Amino acid sequence: MKLVAIKIRSDVKAPKEVKDTLYLLRLRKKHVCVVLDDNPSIRGMLEKVKYYIAYGEIDKDVFKKLLLERGRLSGNRRFTEEYLKQNLNINIDTFVEKFFNGELSLNSIPNLKPYFRLHPPRGGFPRKGIKRLYTEGGALGYWGKDINNLILSMI
């Protein structure tokens with residue numbers, strides 16, 4: 001299973017430990033999204049910074065759309081399916097399957113940036129804003145499968 005984390009709040013007045021964790025997760029700007037493996041160490045890091053991010057499990061269809069629409073190569077060039085065929089000789093559906101099975105990673109694609117820059121969500125953040133956890137009606141913390149709707153509104 002793969003997790004996705006999106007930085008929602010700025011870390012200007014955050015403790016150094018939180019800033020370091022966000023840096024290690026490659027969440028350096030607001031509205032940046034990263035796709036991570038699901039393991040206990042990553043879960044612990046996400047739990048530590050849950051007051052600054054939203055995270056949950058990403059679906060294959062949403063990941064495919066995220067990769068095709070918001071994926072960038074070095075030089076800020078768009079990632080395309082043709083680029084994937086030229087470099088790895090596989091189509092996008094095969095790559096997504098192998099990525100979710102753990103056979104390939106985002107590092108397998110040469111020059112692909114390991115993060116995705118997103119728009120702020122269309123229609124605004126849901127419910128009670130960005131200062132409360134998702135379980136309390138806000139936009140922060142663990143979303144579970146609902147994170148896919150947030151990603152789709154931000155693509």
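Note that the coordinates shown come from a computational prediction; the quantities given were computed from them, not determined experimentally. Index from 1, following the sequence. Excluded from the calculations below are hydrogen atoms, water molecules and symmetry mates; all remaining heavy atoms, backbone and side chain alike, are included.
The list of side-chain hydrogen bond (donor to acceptor under 3.5 Å, both in side chains) pairs with a residue in residues 53-75, not counting sequence neighbours, reads Arg43-Glu57, Glu47-Tyr55, Glu57-Tyr142, Asp59-Lys145, Asp59-Asn148, Lys60-Glu97, Lys64-Asp93. Pairs passing the side-chain hydrogen bond (donor to acceptor under 3.5 Å, both in side chains) check and including a residue from residues 100-120, sequence neighbours excluded, read Asn76-Arg117.
Remark: Tyr23 engages no residue in a ring-ring contact (aromatic ring centres under 6.0 Å, His included) (not counting sequence neighbours). Checked against ring-ring contact (aromatic ring centres under 6.0 Å, His included), Tyr134 has the following partners two or more places apart in sequence or in another chain: Trp143. Partners of Lys16 under the salt bridge (Lys or Arg N to Asp or Glu O under 4.0 Å) rule, at least two apart in sequence or in another chain, are Asp20. Partners of Glu17 according to the salt bridge (Lys or Arg N to Asp or Glu O under 4.0 Å) rule, which considers only residues two or more places apart in sequence or in another chain, are Lys48. Contacts of Ser41 classified as side chain to side chain donor-acceptor pair (under 3.5 Å), with partners at least two apart in sequence or in another chain: Asn39. Scored by the side chain to side chain donor-acceptor pair (under 3.5 Å) test, Asn149 finds no partners at all (sequence neighbours excluded). The side-chain contact (heavy atoms from CB on, under 4.5 Å) search around Pro110 returns Tyr83, Asn87, not counting sequence neighbours. Applying the side chain to side chain donor-acceptor pair (under 3.5 Å) test to Thr94 and every residue at least two apart in sequence or in another chain returns Asn91. In this structure Lys85 satisfies the side chain to side chain donor-acceptor pair (under 3.5 Å) test with no other residue, sequence neighbours excluded. Listed by chain and residue number, nothing satisfies the side-chain contact (heavy atoms from CB on, under 4.5 Å) test with Pro40 (two or more places apart in sequence, or in another chain).
Relative orientation of the Phe63 and Phe100 rings is perpendicular, given thresholds of 30° and 60° on the angle between their planes.
Between Arg9 and Ile130, the shortest heavy-atom contact is CD-O, 2.9 Å.
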